[in-house]
Undergrad: 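Below is one structure. I have some questions about it.
What's counted below: heavy atoms across the whole structure, side chains too, no hydrogens, waters or symmetry copies. When a ligand or atom number is given, it counts from 1 through the structure's own listing order.
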Amino acid sequence: MKADIGVIGLAVMGQNLILNMNDNGFKVVAYNRTVAKVDEFLNGPAKGTNIVGATSLEDLVSKLESPRKVMLMVRAGDVVDQFIDALAPLLDEGDIIIDGGNTNYPDTNRRYASLREKGIRFIGAGVSGGEEGARFGPSIMPGGDPEAWPFVKPIFQGIAAKTEQGEACCDWVGKEGAGHFVKMVHNGIEYGDMQLISEAYHFMKEGLGLSADEMQAIFTEWNKTELDSYLVEITADILGYKDEDGEALVEKILDTAGQKGTGKWTGINALEHGIPLTLITDSVFARCLSSLKDQRVEAEKVFNNPILAIEGDKAQWVDALRQALLASKIISYAQGFMLIREASEENDWSLNYGNVALMWRGGCIIRSAFLGNIRDAFEANPELAFLGLDNYFKDILEQCLPAWRKVVAKSFETGLPMPCMSSALTFLNGYTTARLPANMLQAQRDYFGAHTYERTDKPRGEFFHTNWTGKGGDISSTTYDV
Ligand code: NBP
């Protein structure tokens, strides 16, 4: 009997996905550049399963059912191109290549277009959930050639995480690089969630002087509220984890954050699309600032800018902080969906936003109860431009607003850096203000660069230029832009 799918790449993700596919009744052929790892896998974790190995790409291809499905779980970048180039001549028209790595979506667009010319169907699938997700149910976000989806669907939906209602956290996202685009925004949101939680921890530790054990109990309680999520859950676990000397291990970890680039891609993409994705972008900058450790250590010595203790009832502050965290998180997701919507319209991807929320509901790092409400919001109104205007989320934002303002104001008063909670509030303040001071900006642009402006007392689309000093001419600019 030939195999249902071939998987190339036997590192942590590939091995676990293969075992998951096997558990779900699919026959898999495994291959790896370093072929010795195939035998190690077959004689190790895959022992006693239906998984078979391949010693070469030719061997792999010969063992697959037609149309052949080959999934790459290798390092993103050139390695994917190398495998595609080597595989394409061995495949027949209608066969399918899937890239399951963390690929930047323009690369998926390019590969999709070039393979389509060769008659090979290409899928770029974002996979989230790390090692455990891959083994027991990841979130999978496939996009690319829609004709390939029916062949891959039973495997992907079979191995994906399921919601409490039994729905698979995997569905077709859209054509071209839409799957990898949605995965990129997922990772950006992950950056935002992690930074928000870290800010809440910082407020409790430095501002309120709470211990790791006290904070563990608070995050555990928060995980029973609307904040119920994987990241809040693991934060409680982390705070409870003791080093050999009995102290909380987290306090011994150096405060410089690493990053692999997906948050940065999301921020760059938002700038290119002109979407105010302020929270995620600030979370990337927060990691950049954290990495300037030596400079920060020097600056703290020179500047008299200590973090002041927060006075008042601690339990009340903790509850205000919970509300600030929840409200900021809503803004982060709202901004993320604004970016997804813009990309969908620009690329004609026709994305289903409710389905995107469903795919993130389980299996992935940002999984949370709250994504069920996001799905409901987009099901009720697929055209929803800003999640905060959905009744459920609007009510929460309005309820949380006084406490959120108090927390952000206190952070400024006491010198606690909270870039994401404050940027989320600033965004909401701007988004809900009908008249912003951009009239002054436009006047300045017209003053020095003759860029013209529209008037509040004239129809949109009519442009005016004023000779502000009496010295300039009446010619307006079309080329010089600031
Ligand atoms: P890695 O990203 O560490 O890649 C390891 C695989 O790439 C091995 O099969 C390795 O073969 C192969 N490879 C490398 Br590295 N260089 C190669 C080359 N020049 N030619 C051919 N093969 C090469 O594995 P991973 O952590 O399992 O991740 C796989 C993909 O999934 C990545 O795109 C990753 O970003 C993504 N992802 C990872 C996670 C996670 O939690 N780790 C989560 C979600 C998505 P070798 O054995 O011969 O060196």
Undergrad: Who's the nearest protein heavy-atom neighbour of atom 30 (C) of ligand 1, and how far?
TA: V74 O, 3.5 Å
Undergrad: Taking the six-membered ring for Trp, are the ring centroids of F393 and F370 within less than 6.0 Å of each other?
TA: yes
Undergrad: Do H180 and D99 make a side-chain contact, defined as non-hydrogen atoms from C-beta onward lying under 4.5 Å apart?
TA: yes
Undergrad: Among all protein heavy atoms, pick the one closest to atom 2 (O) of ligand 1 and tell me residue, atom and distance.
TA: R75 CA, 3.6 Å
Undergrad: Where is the nearest protein heavy atom to atom 23 (C) of ligand 1: which residue, which atom, and how far?
TA: V79 CG1, 3.5 Å
Undergrad: Output the list of atoms in ligand 1 that are nearer than 4.0 Å to some heavy atom of A76, sorted by atom number.
TA: 33 (O)
Undergrad: How many angstroms lie between CG in N347 and CD in E342, if you round to the nearest 0.5 Å?
TA: 9.5 Å
Undergrad: Could you tell me, atom by atom, which parts of ligand 1 come under 4.0 Å of a heavy atom of A11?
TA: 5 (C), 24 (O), 25 (P), 27 (O)
Undergrad: Within the 4.5 Å heavy-atom criterion, are R322 and D319 side-chain neighbours or not?
TA: yes
Undergrad: Please report whether ligand 1 has a polar contact with E131, defined as an N or O pair separated by less than 3.5 Å (distance criterion only).
TA: no
Undergrad: Assess whether atom CD of E251 is packed by more than 12 heavy atoms of other residues, nucleotides or ligands within 6.0 Å.
TA: yes
Undergrad: Looking only at protein heavy atoms, identify the closest one to atom 36 (C) of ligand 1 and say how far it is in Å.
TA: N102 N, 3.7 Å
Undergrad: Quick check: M13 and ligand 1, any N/O pair under 3.5 Å apart?
TA: yes
Undergrad: Can you list the atoms of ligand 1 that are under 4.0 Å from a heavy atom of L10?
TA: 9 (O)
Undergrad: In terms of side-chain heavy atoms, does N20 have a donor or acceptor partner in N16 at a distance below 3.5 Å?
TA: no
Undergrad: In ligand 1, which numbered atoms sit nearer than 4.0 Å to a non-hydrogen atom of V127?
TA: 44 (C), 45 (C)
Undergrad: Measure the shortest side-chain to side-chain distance between S128 and M359 over non-hydrogen atoms and say whether it is less than 4.5 angstrom.
TA: no
Undergrad: Output yes when the distance from some N or O of ligand 1 to some N or O of M73 is under 3.5 Å, and no in every other case.
TA: no
Undergrad: If you count the atoms of ligand 1 from 1 in the order shown, which ones are under 4.0 Å from a heavy atom of T34?
TA: 46 (P), 47 (O), 48 (O)
Undergrad: If you have a sec, work out which protein heavy atom is nearest atom 47 (O) of ligand 1 and how many Å separate them, to one decimal?
TA: K37 NZ, 2.6 Å
Undergrad: Under 4.0 Å from any heavy atom of G130, which atoms of ligand 1 are there?
TA: 41 (O)
Undergrad: Does either side chain, that of D59 or that of T55, offer a donor lying less than 3.5 Å from an acceptor on the other one?
TA: yes
Undergrad: To check your reading of the model: name the closest protein heavy atom to atom 49 (O) of ligand 1, its residue, and the distance in Å.
TA: R33 NH2, 2.9 Å
Undergrad: At a 4.0 Å threshold, what atoms of ligand 1 neighbour a non-hydrogen atom of V12?
TA: 26 (O), 27 (O), 42 (N)
Undergrad: What are the atoms of ligand 1, with element, lying closer than 4.0 Å to any heavy atom of N32?
TA: 8 (C), 9 (O), 11 (O), 46 (P), 47 (O), 48 (O)
Undergrad: Should E40 and K37 count as an ion pair when the cut-off is N to O under 4.0 Å?
TA: no
Undergrad: Find out whether S328 and L425 are in side-chain contact, i.e. whether some heavy atom of one side chain is under 4.5 Å from a heavy atom of the other.
TA: no
Undergrad: How far does CZ of R33 sit from CD of Q82, to the nearest 0.5 angstrom?
TA: 8.5 Å
